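Here the structure comes first, spelled out in structure tokens, and everything after it is commentary.
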Amino acid sequence: MAKYKNIVVLKGGPSAEREVSLVSGRECAQGLRDAGYVVKEIDAGDDLPEQLRAAKPDAVFNALHGRWGEDGCVQGILEWMKIPYTHSGVMASAVAMDKERAKAVFEAEGLPLAESILASPADIAADHVMPMPYVVKPYNEGSSVGIHIVTEGANTPPQLNTPDAPALLMVERYVPGRELTVAVMDGEALDVTEIIAEGWYDYAAKYEAG
């Protein structure tokens, strides 16, 4: 971003990952300031277009997490306003955040996938919708938000039929294994890192101190 001097960092937002995004945004903003950029931090809400017009940034650093910030919505606003930004584009963001559509892309490329279905919270609460063990999760969230692992021999399925439950959830066959992550920079895969957590790599393991 050498040719851009005035940077807006988007953070916070309305998603379930708001608190993590506030931390990410704060740290990214400080890093940019240390690198010599003029930085304004914006807690992205419904008035985001108005705040961007007032700030007049050369570019936007997107530190939002979760829906709206990562699913193509904010990317669409920035495209419409013709503001350069970090992050994938609208289509890639929308597809990647939708687990069902992302899996369709992976399947088309020949990758092996765990079988899954979309089901309503009422159907999931009524009976096991697939053989145990399986995982129930939002089909369009990140950071392990709202995940329930149903182990072998569970007496009842998860009771998720609450007023604030999403209309559809993904139910996917549980596949045990190691947690591996690989960073890619300039098209080159870097070292493979294994992540070891107590239990499974849930939201608390990812973000809580210690």
Side-chain angles (χ1 to χ4, degrees), residues 1 7-35 37 39-52 55 57 59-81 83-103 105-106 135-149 160 164-170 172 179-185 190 193 195 197 199-210:
M1 295 195 299
I7 309 297
V8 159
V9 173
L10 300 183
K11 64 180 185 178
S15 83
E17 300 174 63
R18 171 180 171 80
E19 295 305 317
V20 177
S21 175
L22 288 171
V23 175
S24 296
R26 182 189 68 219
E27 297 301 318
C28 290
Q30 187 57 55
L32 287 165
R33 290 187 182 102
D34 292 345
Y37 293 94
V39 178
K40 177 178 175 60
E41 299 173 49
I42 291 180
D43 189 343
D46 292 341
D47 62 345
L48 178 58
E50 288 76 15
Q51 291 204 62
L52 289 171
V60 162
F61 190 103
N62 183 8
L64 294 169
H65 293 246
R67 282 188 289 170
W68 194 66
E70 287 189 280
D71 64 4
C73 293
V74 163
Q75 290 75 22
I77 292 172
L78 296 170
E79 292 279 356
W80 175 65
M81 297 184 72
I83 301 174
Y85 58 93
T86 64
H87 206 277
S88 302
V90 176
M91 179 63 76
S93 299
V95 172
M97 202 65 180
D98 186 314
K99 294 181 178 68
E100 184 80 355
R101 286 174 171 78
K103 289 184 74 171
V105 173
F106 301 153
V135 182
V136 180
K137 53 189 172 182
Y139 74 94
N140 59 353
E141 291 277 9
S143 293
S144 303
V145 171
I147 290 183
H148 300 267
I149 298 177
L160 307 174
D164 60 345
L168 286 174
L169 293 159
M170 175 173 279
E172 187 173 59
E179 188 78 33
L180 305 173
T181 184
V182 182
V184 178
M185 182 179 293
L190 306 182
T193 301
I195 299 169
W200 61 283
Y201 194 41
D202 61 4
Y203 185 93
K206 290 177 178 177
Y207 298 120
E208 289 184 3

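Keep in mind the model is a prediction, meaning the values are calculated, not measured.
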- Item | Partner set under salt bridge (Lys or Arg N to Asp or Glu O under 4.0 Å) for K137, not counting sequence neighbours | E172
- Looking at D43 and G13, what are the two nearest heavy atoms and their distance? OD1-N, 3.2 Å
- Please round to the nearest 0.5 Å and tell me the distance separating atom OH of Y37 and atom CD1 of I7. 6.5 Å
- Counting only heavy atoms not in K40, do more than 12 sit closer than 6.0 Å to its NZ atom? no
- Can you see which heavy atom on P138 is nearest to which on G146, and at what distance? CD-O, 3.4 Å
- Message: According to salt bridge (Lys or Arg N to Asp or Glu O under 4.0 Å), does anything in residues 63-78 pair up with another residue at least two apart or in another chain? List the pairs.
- Response: R67-E141
- Item | Nearest-0.5 Å distance that lies between atom CG in L10 and atom OH in Y85 | 11.5 Å
- Exam field: side chain S93 to backbone S88, donor-acceptor pair closer than 3.5 Å: yes
- Item | side chain to side chain contact (heavy atoms under 4.5 Å, CB included) between W200 and I147, intermediate numbers included | CA-CA 11 Å; W200 61 283; I147 290 183; 3.6 Å; yes
- Message: A quick test of your reading: do over 12 heavy atoms of other residues, nucleotides or ligands sit less than 6.0 Å from CG of D46?
- Response: no
- Message: Given 3.5 Å as the limit, does a donor-acceptor pair link the side chain of D98 with the main chain of R101, or not?
- Response: yes
- Item | Donor-acceptor contact present, side-chain S15 to main-chain H65, <3.5 Å | yes
- Side chain of K11, backbone of S24: donor and acceptor closer than 3.5 Å? no
- Item | Shortest non-hydrogen contact from V182 toward L190 | CG1-O, 3.5 Å
- Q75 side chain vs G69 backbone, donor-acceptor pair below 3.5 Å: yes
- Item | Smallest separation among heavy atoms of S21 and A63, with atom names | OG-O, 2.8 Å
- Task: Starting at NE2 of H148, measure out to CG of L169 and round the result to the nearest 0.5 Å.
- Result: 8.0 Å
- Message: Any side-chain to backbone donor/acceptor pair from R18 onto G12? Under 3.5 Å, distance only.
- Response: no
- Is the closest side-chain heavy-atom distance between L78 and L52 below 4.5 Å? yes
- If you look at every heavy atom in W68 and I77, which pair is closest and at what distance? CZ2-CD1, 4.2 Å
- Item | Residue pairs fulfilling salt bridge (Lys or Arg N to Asp or Glu O under 4.0 Å) with at least one residue in residues 21-34, sequence neighbours excluded | R33-E41
